[in-house]
Amino acid sequence: MKGFNVLHPMGWDAFGLPAENAAIKHGVHPSKWTFENIAYMKKELKRMGLSYDWQREVATCDPAYYRWNQWFFLKMFERGLAYKKASAVNWCPSCETVLANEQVIDGGCWRCEAVVVRKDLEQWFFRITAYAEELLRDTSALTGWPEKVIVMQRNWIGRSEGVEVDFSIVDSDRKIRIFTTRHDTLYGATFMSIAKKHPLVRELVKDERILRDIESLPEDAGKKEGVFTGCHAVNPLTGDKLPVYVANFVLMEYGTGAIMAVPAHDQRDFEFARKYGLPVRTVIRPADTAAGSTPHAITEAFEEDGVLVDSGQFTGLASDEARAKIADYLESRGLGRKVVNYKLRDWGISRQRYWGTPIPVIYCPSCGTVPVPEHELPVVLPPDVSPGGRGASPLAAAGGFVMTKCPGCGGDARRETDTMDTFVDSSWYFLRYCSPEAGRPVDPAAADYWMPVDHYTGGIEHAVLHLLYSRFFTKVIRDLGLVKINEPFTSLLTQGMVIKDGAKMSKSKGNVVDPDFLIDKYGSDTVRIFCMFAAPPERDLEWSDQGVEGAQRFLNRIWAFVYKNRDELVKRDDNDGIKAPPALSSAASGLLRKTHQTIKKVTNSIERDYHFNTAIAALMELVNEMLSFRPEDDGGAAVLRFSMRHVILLLAPFAPHFAEELWRETGHHGSIVNEKWPEWDEETAKEEETELVVQVNGKVRAKVMIPAGLDDEAVKERAFSEPKIREYTAGRTLKKVIVVRGRLVNIVV
RNA sequence: GCCGGCGUGGUGGAAUGGCAGACGCGUCGGACUCAAAAUCCGAUGGGCUUCGGCCCGUGUGGGUUCAACUCCCACCGCCGGCACCA
């Protein structure tokens, strides 16, 4: 109605664990299960009157789609962005597969909530960390995103600047490399802590007893525990010998897997030092305490910045200055270097399950790991495999799939049997919508025309999952030269959930309302109106059967009115010249004004902030006024027709079927969706008279009708002439009078 | 612990610093009906009232302002994220 070319597609993210698990539960093959569900849901979406462009429909489990997952994998493999490595990974014992870090929520599986365990496996990864800096930097360009999501992504990426410092080991030529962001506290290091899995542990510790003690350190670091290795390292700045401990709270995955411990200025080190009787050496004093006042008997670490004490040539410097100077000093002597660390880890994409994109790799005894040649894509998922997790991919049992020839040497070889994470599918589907039939993942010209997505709606649960992966993919695809955009989604709306009986509406909770039932009983327009009226979209929507009834009442009243006054309404003069009517009764011009005001309000509510609830509320107000209006003459009848026509037009996006039918019933031809969206006239929308609120000392004491556009002096005069106001101001000294143009007068006495 | 967000009638929710509670739901009263449902009309934040009105009220306590749901500070509560990240 606004004349825009809008791409509003729908597709099916249907290739993954959730679908496979559901299929197993129902004893059906995932393929059958998935396609039956797609058919059912598509029917429901259509019944709701959602105006998707079905010509662009995609399903991620279709080989015509997932072959491009494989294509991207090959391109990433070529560029070193896809690689395989052995590591400790998150394993969901219930889903029997690996999960990426983003997919572990509070130590549980994002999907089934089972407790995730660590498992050592060889896995394929996407090198998302190569884009860490850009992913972080570009968050500041996402001005149309909720601040909350941006903050979550920034925290997840977790950039920190610091230095790596080498500590040489006494009686060894090896060094321990540590990462720290607090090199201003280097003089306060009194011991070292390294991760249990640190490679140096095996090299340095020969004593079997100590090794056993290290081995039995509790994995879960709820309590800080450690074992002295028997080795010492040398502080490169002080020359002090520091005992080296293995500590269970030091992570191998972050930084270098080793830290210098400064108990005076790090609470974790402080607790550890207390437990093992290690010295505490203060090297930072708070900036507001006097120099030379020696702090004693500290009970907790002082972790803030301050001023350096007992730190050699750096004594007296402020922390930030000291960090800069110490970093330079270390670099100039070759003792360390400045580095940037990220909390973000590479994205583990291997899944030991059936229902997913086969990873297009072949293992050859003589050629090693060989990518499937591009022209052999897609590697199709064999249909005759029974799904289910069994600790390894079900594909491993499919002999016909596994056994293949090496593309390099032609000898016998085996296919990779893991499949890709379902989040790979959803990381670029929006690009596919631009050119769903293209012989490449995306046609650059189509992408140029449509991308980026102007408006993206999704759940907050994807703040660091789908929304981060999609940003990564977009940047990779840009670097492959297929698109020019840096970011996929210009504006993001995180919509709320549907709540019923105090819980999220979901099949597993059994509190769902069946859309088919609702549509049969009320019609889809009623359901649509209720859903949009009950709450703004970013908030949770509380389901209310009575609320649905209310929405139906609203539509019924309009319907009944049209049929009752059909003869009147059908007279077609479509009088837009009504803007400046010659002689309308005051009721008629009131309704005309209200109509223009409603056009304005509805338009703004839709366009400004998607607050459909207030748009519908405005329409209800207009309908209330319209239904109580009784035309007294031709002018009045014309206004009523005008008003009715606009109610129908404004209702069209919310209740399309309803509006379409009333449009015809009131004598119009052609579909309402081809009508122009109405415009309001600012002059007509203006009130002729406004209610002036008169306050004395901020309290409302009178309300007076005044003609619009009265100047401030006249308004003031009018206010003072009110008997009530005189009463309140009599015998008191006037201190101040504030006039808000045409709205309010506040008299201060 | 750190970082966000949110606290408004019985209820879902409205309010560019300018009449708090739009609109809807529910409830109550009335009309229609033999009756009920549906529908329509009216009332509906709390307290007081000499029926003219008056006072209080947006989690709590302060502050800024002629004026605060809105801005600032502190606290309480709820929700979400991160959490030995060196």
Side-chain angles (χ1 to χ4, degrees), chain A residues 105-106 146-156 158-160 162-164 178-183 185 193 195 220-224 247-251 253-262 265-269 271-272 303 341-345 460-461 463-464 494 499 529-530 533-536 538-551 553-554 556-557 560 601 605 608 611 613-624 627-628 691-703 724 727 735-749:
Chain A
I105 312 291
D106 280 338
E147 190 59 27
K148 181 188 173 77
V149 177
I150 289 178
V151 168
M152 283 167 74
Q153 291 216 352
R154 284 181 185 155
N155 290 341
W156 189 260
R159 182 184 200 271
S160 62
V163 294
E164 284 181 358
I178 61 105
F179 172 73
T180 181
T181 55
R182 289 302 303 274
H183 33 294
T185 65
S193 298
D220 152 47
K223 277 193 224 139
K224 287 170 191 54
N248 66 338
F249 66 89
V250 177
L251 306 170
E253 295 81 25
Y254 185 77
T256 59
I259 59 168
M260 65 168 186
V262 185
H265 304 294
D266 183 292
Q267 188 59 25
R268 295 159 299 179
D269 296 342
E271 286 166 27
F272 195 88
E303 296 188 313
N341 254 309
Y342 299 93
K343 202 171 77 88
L344 181 71
R345 306 284 146 74
I460 186 70
E461 69 274 18
V464 286
T494 50
I499 304 290
I529 291 277
F530 167 71
F533 179 65
E538 66 275 12
R539 254 205 247 195
D540 285 347
L541 185 152
E542 197 146 308
W543 190 264
S544 154
D545 291 331
Q546 276 140 350
V548 181
E549 303 267 0
R553 263 200 292 272
F554 169 59
N556 277 346
R557 281 160 68 212
K601 174 83 177 123
S605 289
R608 259 199 335 239
H611 279 193
N613 57 330
T614 55
I616 291 169
L619 270 167
M620 286 173 169
E621 281 188 54
L622 174 59
V623 168
N624 288 344
L627 296 200
S628 59
E691 194 180 51
L692 178 73
V693 174
V694 188
Q695 299 179 331
V696 178
N697 291 339
K699 284 186 197 278
V700 182
R701 295 303 181 190
K703 294 176 181 183
K724 289 229 43 157
E727 201 179 301
K735 287 191 187 140
K736 202 171 186 180
V737 180
I738 287 108
V739 180
V740 180
R741 173 60 51 86
R743 306 244 295 263
L744 181 141
V745 174
N746 189 12
I747 299 160
V748 188
V749 290

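Side-chain atoms are counted along with the backbone in the values below, which use heavy atoms only and exclude waters and symmetry mates. Note that the coordinates shown come from a computational prediction; the quantities given were computed from them, not determined experimentally.
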Taking all non-hydrogen atoms of both residues into account, name the closest pair between [X] and [Y] and its distance.
X	Y	result
A/L744	A/L692	N-CD1, 3.5 Å
A/N613	A/F533	CB-O, 3.3 Å
A/K601	A/A618	CG-CB, 3.4 Å

Determine the Euclidean distance between corresponding [atom1] atoms of [M] and [N]; express it in Å to zero decimal places.
N	M	atom1	value
B/U49	B/A15	C1'	30 Å
B/C25	B/C75	C1'	35 Å
B/A68	B/G61	C1'	15 Å
B/A37	B/C32	C1'	12 Å
B/C82	B/G13	C1'	32 Å
B/C71	B/G18	C1'	15 Å

Quick check for you: among [options], whose closest atom lies nearest to any side-chain atom of [X]?
X	options	value
A/R557	B/G12, B/C19, B/G24	B/G24
A/Y254	B/C19, B/C23, B/C85	B/C85
A/R345	B/G18, B/C23, B/C85	B/C85
A/R539	B/A86, B/G13, B/C25	B/G13
A/N613	B/A86, B/G81, B/A14	B/A14
A/T181	B/A15, B/A86, B/G26	B/A86
A/Q546	B/G26, B/G24, B/C19	B/G26
A/A534	B/G12, B/G24, B/C25	B/G12
A/I105	B/C23, B/G81, B/A14	B/G81

Grab the [atom1]-[atom2] distance between [X] and [N] for me, whole Å please.
X	N	atom1	atom2	value
A/D540	B/G80	CG	C1'	11 Å
A/D545	B/U11	CG	P	19 Å
A/E542	B/G24	CD	C1'	14 Å
A/K703	B/C19	NZ	C1'	5 Å

Atom pairs under 3.5 Å: protein N/O with N/O of nucleotides 64-67 of chain B:
from, atom 1, to, atom 2, distance (Å)
B/C66, OP1, A/K736, NZ, 2.9
B/C66, O2', A/N746, ND2, 3.3
B/C66, O2, A/N746, ND2, 2.6

Would you classify [X] as touching base, sugar-phosphate or nothing, given that sugar-phosphate means primed atoms plus P, OP1 and OP2, and contacts are heavy atoms under 4.0 Å?
X	result
A/S544	nothing
A/E253	nothing
A/V250	base

message: Using heavy-atom distances to pick each residue's nearest nucleotide on RNA chain B, tell me which of A/F179 and A/K148 is more 5'.
response: A/K148
A/N341 (side chain) donor-acceptor with A/S160 (main chain) under 3.5 angstrom: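 A pair under 3.5 Å: no.
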query: Is a side-chain donor or acceptor of A/Q267 paired with a backbone partner of A/E303 at a separation under 3.5 angstrom?
result: no
side-chain N/O [X] vs [N] OP1/OP2, d < 4.0 Å:
X	N	answer
A/S160	B/A86	yes
A/N624	B/G24	yes
A/R268	B/A83	no
A/R159	B/C85	no
A/R553	B/C25	yes

Atom pairs under 3.5 Å: protein N/O with N/O of nucleotides 45-55 of chain B:
from, atom 1, to, atom 2, distance (Å)
B/C54, OP1, A/R701, NH1, 3.3
B/C54, OP1, A/Y728, OH, 2.8
B/C55, OP1, A/R701, NH2, 3.2
B/C55, OP2, A/R701, NH1, 3.2

field: Involving RNA chain B, stems made of at least three consecutive Watson-Crick or G-U pairs, both distances under 3.5 Å
entry: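 Correct response: B:1-7 with B:76-82, B:10-12 with B:23-25, B:26-31 with B:39-44, B:45-48 with B:53-56, B:59-63 with B:71-75.
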- request: Quick one: classify the glycosidic conformation of B/G9 as syn or anti, with syn meaning within 90° of 0.
  value: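 Syn.
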field: Syn-anti status, with the boundary at 90° from 0, for the nucleotide B/G10
entry: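 B/G10: anti glycosidic orientation.
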query: So A/H183 and A/E164, side-chain hydrogen bond (donor to acceptor under 3.5 Å, both in side chains) or not? Walk me through it.
result: CA-CA 9 Å; A/H183 33 294; A/E164 284 181 358; over 6 Å; no
